[in-house]
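Protein chains get the first letters and strands the later ones, always in sequence-line order, with residue 1 at the start of each. For clarity, every value in this text was computed on a predicted model and none was experimentally measured.
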Amino acid sequence: MVSKELSKIYDPKSVEERWYNVWLEKKYFHASVDAGGTPYCIVIPPPNVTGQLHVGHAFDNTLQDILIRWMRMSGRNTLWVPGTDHAGIATQNVVERHLAKNNIDRHQLGREKFIEEVWKWKKEYGGRIISQLKRLGASCDWDRERFTMDEGLSRAVRAVFVTLYEEGLIYRGERLINWCPRCHTALSDIEVEHEDEKGKLYHIAYPLSDDHNVRLTVATTRPETMLGDTAVAVHPLDPRYKDLIGKTVDLPLTGRKIPIIGDSILVDLEFGTGAVKVTTAHDFNDYDAGQRQTPNLPRIKMLDDKAAILSDIPDVLPDVLRQVAGKPAKKARGMIVELLQERGYLIKTEDHAHSIGKCYRCKSVVEPYLSPQWFVRTGPLAEPAIKAVEDGRIRFFPRGWENTYFDWMRNIKDWCISRQIWWGHRIPAWYCDDCGTITVSPTDATACGNCGSKNLRQETDVLDTWFSSALWPFSTLGWPEKTKELAFYYPTSVLVTGLDIIFFWVARMIMMGLHFMNDVPFRHVYIHALIRDAEGQKMSKSKGNVIDPLFMIDQYGTDAVRFTLTAFAAQGRDIKMSTERIEGYRNFANKIWNASRFAMMNLEPDFAPNAELMSKDASLADRWILSRLNSVIKEVQSALADYRFNDAASALYQFIWHEYCDWYLEFSKPALNQEEGSAPRKATQTVLSHVLETTLRLLHPIMPFITEEIWQYLPERVRRQRRGDRGRTESIMVSPYPAANETMINPGIEQDMQMVMDTILAIRNIRGEMNIAPSVQIAAIVKVGNKELGEHLEKSAEYVKTLARLQELRIGVAEAKPKTTATGVIKGAEVYVPLEGIIDLTQERDRLMKEIAKISEDIDIFSRKLSNKDFVDKAPKAVVEKDTAKLEEFRVKREKLEQSLKMLR
RNA sequence: AGGCGCGUAGCUCAGGGGUAGAGCGCUACCUUGACACGGUAGAGGUCGGCGGUUCGAAACCGCCCGUGCCUACCA
């Protein structure tokens, strides 16, 4: 028999790669429109080409693969589109660092050569994460793998850009933007991370031009920017200062007079000194205040694109400028403070904690910087995107994220999409050297759209990497071509992603999808938690707390890792990853393996199951496990439908380990030990193999490898389905997903079985508590409350004897209690284990007293409850009845235990 | 500063108006013909605190305390 050759330990390594290759060869992952049916489509959140698989990816993609495999088995026309993201700034940085090792600076290479280098890098490392996803078992349609910068997607990017430009939804203008002086580019608002830092608040005196004895004190955290001040603002209602509005102050260290303005929005009466220096070119609030004033305040730029002090700031004293020019802002700060101190302008310095914006790619402090940039006017796009979620065309799971989405979308600001880097989609805009107009075109422009001149220069900026990501759900399906894929698979079914990119990505896909496809990009958004380390910290390389999923896979196997991640997928929480848990599920895989070995040891290789599962020969246990199986199928189905992955996982775990293995396999042994070909053996073999086979299919989306491996060992006629037979016995992944057969769910059977299990538990309990070794032979006597129970139990006597390891079992209404005896009480019966010569009776007394004490507590709780008139009157009738019955049951039980105790005295 | 979430067994976490749950860990016993990555039986919790609603609160509501995240124009 095959099973004899199988090891007792499941070895994932020998299984996983083999099956993955088979699946690939057989093209099971490939989707085709021509196959028809109902589409089910997911587009993968494209990992960065710089990326390595980390736990977050493993989590995200396991969940997607579960949905995809589930739906594929359920008969849907299922497509999972894979791909990668060029990740503009991130990738450029990586390649820059790479080149720096050889002392090469990208500027030495020049733009074209550098981009070539990035492509080389992409070619070499860009596919790394893809092969890692394959190890995870991801059943993506690899034939359709896309890259945000491949030809088709680049066309889509241009088409979108041009359309939005023509619609007036993309514009170019000089604005204050977030600038990363290290990456040397603009960033959008959400690419800035805020971190609290301890800083200082400097109080600086600005003398009034009229009267240098009167000095206005401003408080600032950034004294170096004072060289670019263009006003001082006070609150128009502030009694201290309101009369000064309209006068000027002499800006220290400069020869400049700047006005005192009133601005109730900029100035908070409570904060600092109540007077604010206004640096219109280097602070967002000041910029806005400058715009509000009439006339608008001038803007004096005093930092360059490296955040260094310019050498030509108007009206700055030459000796001051000589010192600070060219110095980075942070360094200049100290020098300016020193100068202010020397010259008597610094009043005081105090500690002050405030938050500082940092670049999300390199963590450098970002600088508000005035420069010409391209923007998407988001207002008109956001409106329909808000509506789509409001009216339920898109649903978030869990629901709570919708509010986060709404909050952001309702306060959305224009999106700065230009980046001053080289790696990315170059903006398809051309400046005419002759007439100065901009020509925007989907193809490379050769002549000015206005004057026809050929003196064109293409915009050197590239687009924000998230611009192309925003198009992902339709660009990957072929847009702007009207492909059949697009017609069939769009809108996609669900987007599975982490909470960290709701704004970056989810919101923008919704806006773009609605605008260009006139339909939502996906119907459901499943937002999962972020995986953190055991301390709840975000995993990052710099913290050294990264758990490498590939290492876990090597150690425990893919299925164990996947099951762990699935079990962790409770909604709306951070996930703290720990390796101990994986080990538990590795053991689970092994448990399944051994249960299957057991089943196969008891099946002839050419075994053919009975035509009817529930033949007249099916035992109580057989009927019971079928009832349980079908309940679990229902549970798993409904959990998956609601994205309650953890519920699906725990239902399966509970069922397989604690019902199928712990109870059913043990129950099945008496029947299986009967002679080959006998009816009871055949009936049990039928059920045993059916439940195993069905469970494997039920589990397959979560644990694809082990389920396939075992499934292939099952006799062919077991693999062939009874109902809805599609005749696919070649692979579990193309076999149908189990559907519950409600008629097999039978509460009566489950109740009967419970009685049997309770009896066994009562005897085992006595054994355990009395410390009776398993080798010691004991007998048990069950005194039943009525004849029917007795007959029922009599039929199951073999179960009880085997599982409770009894030498003898007597059942009856009239059974007398032997003299020295341990007693257990179950619903409707009493269980006696004669102890004569087996054990010291004081132990039994202790045990009984413990049990009586325990049950007395229960009785107290219930009798207090039931003697409460309000409870009896107001609680639902069913609750009261249930509790009354319980109380009665407890009382009977206690009485019996007390009798037993008395007899021992 | 606002928003969201969390606080349940030693640890990691489910659950959720009607007697507190799982995994790991712990204790005792067991190499029983599927599995020691195993089996059986146990120990262990006034469900963060205080109020309120209710016949009944760990669950619902308020406030507080801890903790995490997101958003933000705290000069």
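- A/Lys200 has its NZ atom 18 Å from the C1' atom of B/C74, to the nearest Å.
- The ring-ring contact (aromatic ring centres under 6.0 Å, His included) test with A/Phe396 singles out one residue from A/Tyr405, A/Phe406, A/Tyr643, A/Trp401, and that residue is A/Tyr405.
- Separation of the A/Tyr585 and A/Tyr653 ring centroids falls under the 6.0 Å cut-off.
- Residues meeting the ring-ring contact (aromatic ring centres under 6.0 Å, His included) test with A/Phe862, sequence neighbours left out: A/Phe890.
- Every side-chain contact (heavy atoms from CB on, under 4.5 Å) that A/Gln807 has, sequence neighbours left out, goes to A/Gln777.
- Residues satisfying the ring-ring contact (aromatic ring centres under 6.0 Å, His included) criterion with A/Tyr10, sequence neighbours excluded, are A/Trp593.
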Between the protein and nucleotides 52-56 of chain B, which nitrogen or oxygen pairs come in under 3.5 angstrom?
unit_1 : atom_1 : unit_2   : atom_2 : d
B/C55  : OP1    : A/Lys874 : NZ     : 2.8
B/C55  : O2'    : A/Asn868 : ND2    : 2.6

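- Between A/Glu666 and A/Lys669, at least one side-chain N (NZ, or NE/NH1/NH2) sits under 4.0 Å from a carboxylate O, which counts as a salt bridge.
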All N/O contacts under 3.5 Å from nucleotides 19-21 of chain B to the protein, with atom names and distances to one decimal?
unit_1 : atom_1 : unit_2   : atom_2 : d
B/U19  : O2     : A/Asp858 : OD1    : 2.6

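- Among the heavy atoms of the strands, none lies under 4.0 Å from A/His203.
- Listed in residue order, the members of residues 661-673 of chain A having a heavy atom less than 4.0 Å from RNA chain B are A/Cys661, A/Asp662, A/Leu665, A/Glu666, A/Lys669.
- One can place CD1 of A/Ile706 at 15 Å from P of B/C35, the figure rounded to the nearest angstrom.
- Contacts between residues 756-765 of chain A and RNA chain B, defined by a heavy-atom separation below 4.0 Å, involve A/Leu761, A/Arg764, A/Asn765, listed by number.
- For A/Glu191, the side-chain hydrogen bond (donor to acceptor under 3.5 Å, both in side chains) criterion is met by A/Ser188, A/Tyr360, A/Arg419, not counting sequence neighbours.
- Taking 4.0 Å as the cut-off between side-chain N and carboxylate O, A/Glu195 and A/Lys358 count as a salt-bridged pair.
- Here A/Lys8 lies in heavy-atom contact (under 4.0 Å) with sugar-phosphate atoms only.
- Summary of the strand contacts: A/Ala595 and A/Glu769 both lie near RNA chain B, and taking for each the nucleotide with the nearest heavy atom, the more 5' one is attributed to A/Ala595.
- Applying the 3.5 Å distance criterion, the base of B/C37 shares a donor-acceptor pair with the side chain of A/Arg586.
- Within the nucleic acid shown, A/Thr221 comes within 4.0 Å of sugar-phosphate atoms alone, with no base atom in reach, counting heavy atoms only.
- In this structure, A/Phe667 has its ring center closer than 6.0 angstrom to the ring center of A/Trp663.
- To the nearest angstrom, C1' of B/C35 lies 14 Å from NE2 of A/His658.
- The phosphate of B/G38 (OP1 or OP2) has a side-chain N or O of A/Asn587 nearer than 4.0 angstrom.
- Within the structure, every side-chain polar atom (N or O) of A/Trp657 is placed at least 4.0 Å from both OP1 and OP2 of B/A34.
- Taking NZ of A/Lys850 as the reference point, atom CG of A/Leu848 lies at 11.0 Å (rounded to 0.5 Å).
- Salt bridge status for A/Lys893 with A/Glu889: absent, with no side-chain N to carboxylate O gap under 4.0 Å.
- No engagement by A/Gly199 is indicated, since no non-hydrogen atom pair under 4.0 Å with the nucleic acid exists.
- When the P atom of B/C69 is taken as reference, atom CD1 of A/Ile502 falls 16 Å away, rounded to whole Å.
- Remark: the A/Ser856 side chain and the A/Arg894 side chain contain an N/O donor-acceptor pair separated by less than 3.5 Å.
- Secondary structure note: stems in RNA chain B built from 3 or more consecutive Watson-Crick or G-U wobble pairs under 3.5 Å occupy B:1-7 with B:65-71, B:10-13 with B:21-24, B:26-30 with B:38-42, B:48-52 with B:60-64.
- Within the 4.0 angstrom heavy-atom criterion, no nucleotide atom of any strand lies near A/Phe284.
- Side-chain contact annotation: A/Arg644 with A/Ser638, donor-acceptor N/O pair under 3.5 Å present.
- Between A/Lys277 and B/A75 there is no side-chain polar atom (N or O) within less than 4.0 angstrom of OP1 or OP2.
- Defined by atom type and a distance below 3.5 Å, a donor-acceptor pair is present between the side-chain atoms of A/Thr225 and A/Lys277.
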Summarise how protein sits on nucleotides 25-32 of chain B as a single string, 5' to 3': B when a protein heavy atom is under 4.0 Å from the base, S for sugar-phosphate-only contact, - for no contact. ---S-S-B

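- Partners of A/Asp268 by side-chain contact (heavy atoms from CB on, under 4.5 Å), not counting sequence neighbours, listed by chain and number: A/Glu270, A/Phe271.
- Contact annotation for A/Ala275: base contact, defined as any heavy-atom pair under 4.0 Å involving a base atom.
- Here B/C70 presents its P atom at 21 Å from OH of A/Tyr405, a figure rounded to the nearest Å.
- Side chains of A/Thr230 and A/Thr280: a donor on one and an acceptor on the other come within 3.5 Å.
- Every pair tested for ring pair (Phe, Tyr, Trp, His ring centres under 6.0 Å) that includes a residue from residues 273-293 of chain A fails, sequence neighbours excluded, so the list is empty.
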